[in-house]
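Single-structure report; data block below.
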2 protein chains.
Amino acid sequence: MADPTASGESLLFLTDEQLRKGIEAMFFAYRGFTADPDRILEGMDYGRAHHRAIHFIHRSPGTTVSNLLTILGVTKQSLNRVLRSLIEDGLVEARIGRRDKRERHLHLTQKGEALERELSDAQRARMRAAYRAAGPQAVAGFRQVLEAMMDPELRKQYQGLKESGA
Amino acid sequence: MADPTASGESLLFLTDEQLRKGIEAMFFAYRGFTADPDRILEGMDYGRAHHRAIHFIHRSPGTTVSNLLTILGVTKQSLNRVLRSLIEDGLVEARIGRRDKRERHLHLTQKGEALERELSDAQRARMRAAYRAAGPQAVAGFRQVLEAMMDPELRKQYQGLKESGA
DNA sequence: TTGGAAAGTCAACAACGCTGACATACCTTT
DNA sequence: AAAGGTATGTCAGCGTTGTTGACTTTCCAA
């Protein structure tokens, strides 16, 4: 396993022990990452699935159900249940497509935008604190590793979103 | 909180847009992070909860159910269901405590160790590839940001595990 | 006009959270 | 030693959100 030609430094990161620590860091950090929105949503009839739908509808207003399915990676039956409750409660509006009337273009209502803001404010606050504590260089590394960890198709989704936002 | 002495660079990272990208990076990366073990476990009667139990029992052999509860952050009833199936299937052995007969000390059997290895090999392979692609400096930043993102109590758990492994 | 894509419904099921009720073991107090 | 409270773990049942399968309706395009 030891490669005498490589700089010791770079190989040190690839011990099973280092990798295990990275795995556990992902596990614990993701718990923190979702903790604040989870707290806000508990008590409402909503959960993480609703949060995700709200996030990506806010992110790409007018997106179709199909688009959302691709991004979220769930079945339409599962997403449909979530969307139905959001629409019934007046957080999301589904507009029938002009060109293609089969499509439903999804938008947040004012009420939906309000909840989105509450959720993302909480999540951004934690992210901001973590970024500040770690510093700019750490943030760049954080993003690099996360991107490398994605499945190639998911990475395209992510990068597509990244650009469409600019 | 604005610190006029900080370099402009560090503040640039704190735009809502940057934070949103970080949030979505966590979302997509976590999907990748769990994808390989999920694939291995589908078809067995097991899921992510079983994976987590197996991971931490392997990590700390002889740990009690209570310890595991604290680390995993679920109810004992939920964990119990998972442990019961693992014990029935001969992957985990629960030994009654000597001093305190209420306690169950958990160990992986050979069969359990085999599955643990299969799962963690897959997860480590992805982690290793991501680490290699991003480089040592990025990895350090990755770990710093993740650690800063944890809840304080979870961070203690994480750090405790880190040390006990050394 | 026929074929297929998009959207949605209904039904059933699995994984994994949760609460409540309970049994057993231990410890402290009397 | 007996009594009561705390800690540990088990069993039963429920809710959310994921899954598959079968089906209908609507519409565009060949």
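Computation of the quantities below employed the complete heavy-atom set of this structure, encompassing side-chain atoms and omitting hydrogens, waters and symmetry-equivalent molecules. No experiment lies behind these values; they were computed from the predicted model shown. Order of the sequence lines sets the chain letters (A, B, ...), proteins ahead of strands, with each chain counted from 1.
D:dT17 atom C1' lies 12 Å from atom CZ of B:Arg48, rounded to whole Å. For the pair A:Asp38 CG and D:dT17 P, the computed distance is 10 Å after rounding to whole Å. Atom-to-atom, CG of A:Leu79 to P of C:dA6 comes out at 15 Å; the value is rounded to the nearest Å. D:dT16 atom C1' lies 16 Å from atom CG of A:Leu72, rounded to whole Å. What separates CG of A:Asp100 from C1' of C:dA5 is a distance of 9 Å, to the nearest Å. We find that NE2 of B:His105 is positioned 11 Å from C1' of D:dT8, with the value rounded to whole Å. The distance from atom CD of B:Glu42 to atom C1' of C:dC16 is 17 Å, rounded to the nearest whole Å. Atom CD of B:Glu103 is separated from atom P of D:dG9 by 6 Å (rounded to the nearest Å).
Looking at B:Ser66, B:Pro61, B:Ser60 one by one, the single match for side chain to side chain contact (heavy atoms under 4.5 Å, CB included) with B:Thr63 turns out to be B:Ser60.
In this pair, A:Tyr131 and A:Phe142 present their aromatic rings perpendicular. The plane angle is above 60°, beyond the 30 to 60° band. Classification of the A:His51-A:His55 ring pair by plane angle, with boundaries at 30° and 60°, yields perpendicular.
Taking 4.0 Å as the cut-off between side-chain N and carboxylate O, A:Arg95 and A:Glu93 count as a salt-bridged pair. One finds a salt bridge joining A:Arg20 and A:Glu24 here, because a Lys/Arg side-chain nitrogen approaches an Asp/Glu carboxylate oxygen to under 4.0 Å.
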Let me see the working for B:Asp151 and A:Arg31 under side-chain contact (heavy atoms from CB on, under 4.5 Å), right down to the final yes or no. CA-CA 8 Å; B:Asp151 273 341; A:Arg31 291 249 300 272; over 6 Å; no
Identify each atom pair where a protein N or O and an N or O of nucleotides 8-14 of chain C are less than 3.5 Å apart, giving names and distance.
{"residue": "C:dG8", "atom": "OP1", "partner": "A:Arg104", "partner atom": "NE", "Å": "3.3"}
{"residue": "C:dG8", "atom": "N7", "partner": "A:Lys76", "partner atom": "NZ", "Å": "3.2"}
{"residue": "C:dG8", "atom": "O6", "partner": "A:Lys76", "partner atom": "NZ", "Å": "3.0"}
{"residue": "C:dT9", "atom": "OP2", "partner": "A:Asn80", "partner atom": "OD1", "Å": "2.7"}

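Residue A:Gly73 is classed as a sugar-phosphate contact, given heavy-atom separations below 4.0 Å to backbone atoms only.
Residues meeting the salt bridge (charged side-chain N to carboxylate O under 4.0 Å, His left out) test with A:Arg48, sequence neighbours left out: A:Asp38.
In terms of phosphate contacts, A:Thr75 brings a side-chain nitrogen or oxygen within less than 4.0 Å of OP1 or OP2 of D:dT19. When the side-chain nitrogen and oxygen atoms of A:His50 are compared with OP1 and OP2 of D:dT17, one or more of them lie within a distance under 4.0 Å. Considering only side-chain N and O atoms, B:Ser78 lies nowhere under 4.0 angstrom from the phosphate OP1 or OP2 of C:dC16. Contact annotation: B:Ser66 reaches the phosphate of D:dG9 (side-chain N/O to OP1 or OP2, under 4.0 Å).
Summary of the strand contacts: A:Lys101 and A:Val82 both lie near DNA chain D, and taking for each the nucleotide with the nearest heavy atom, the more 5' one is attributed to A:Val82.
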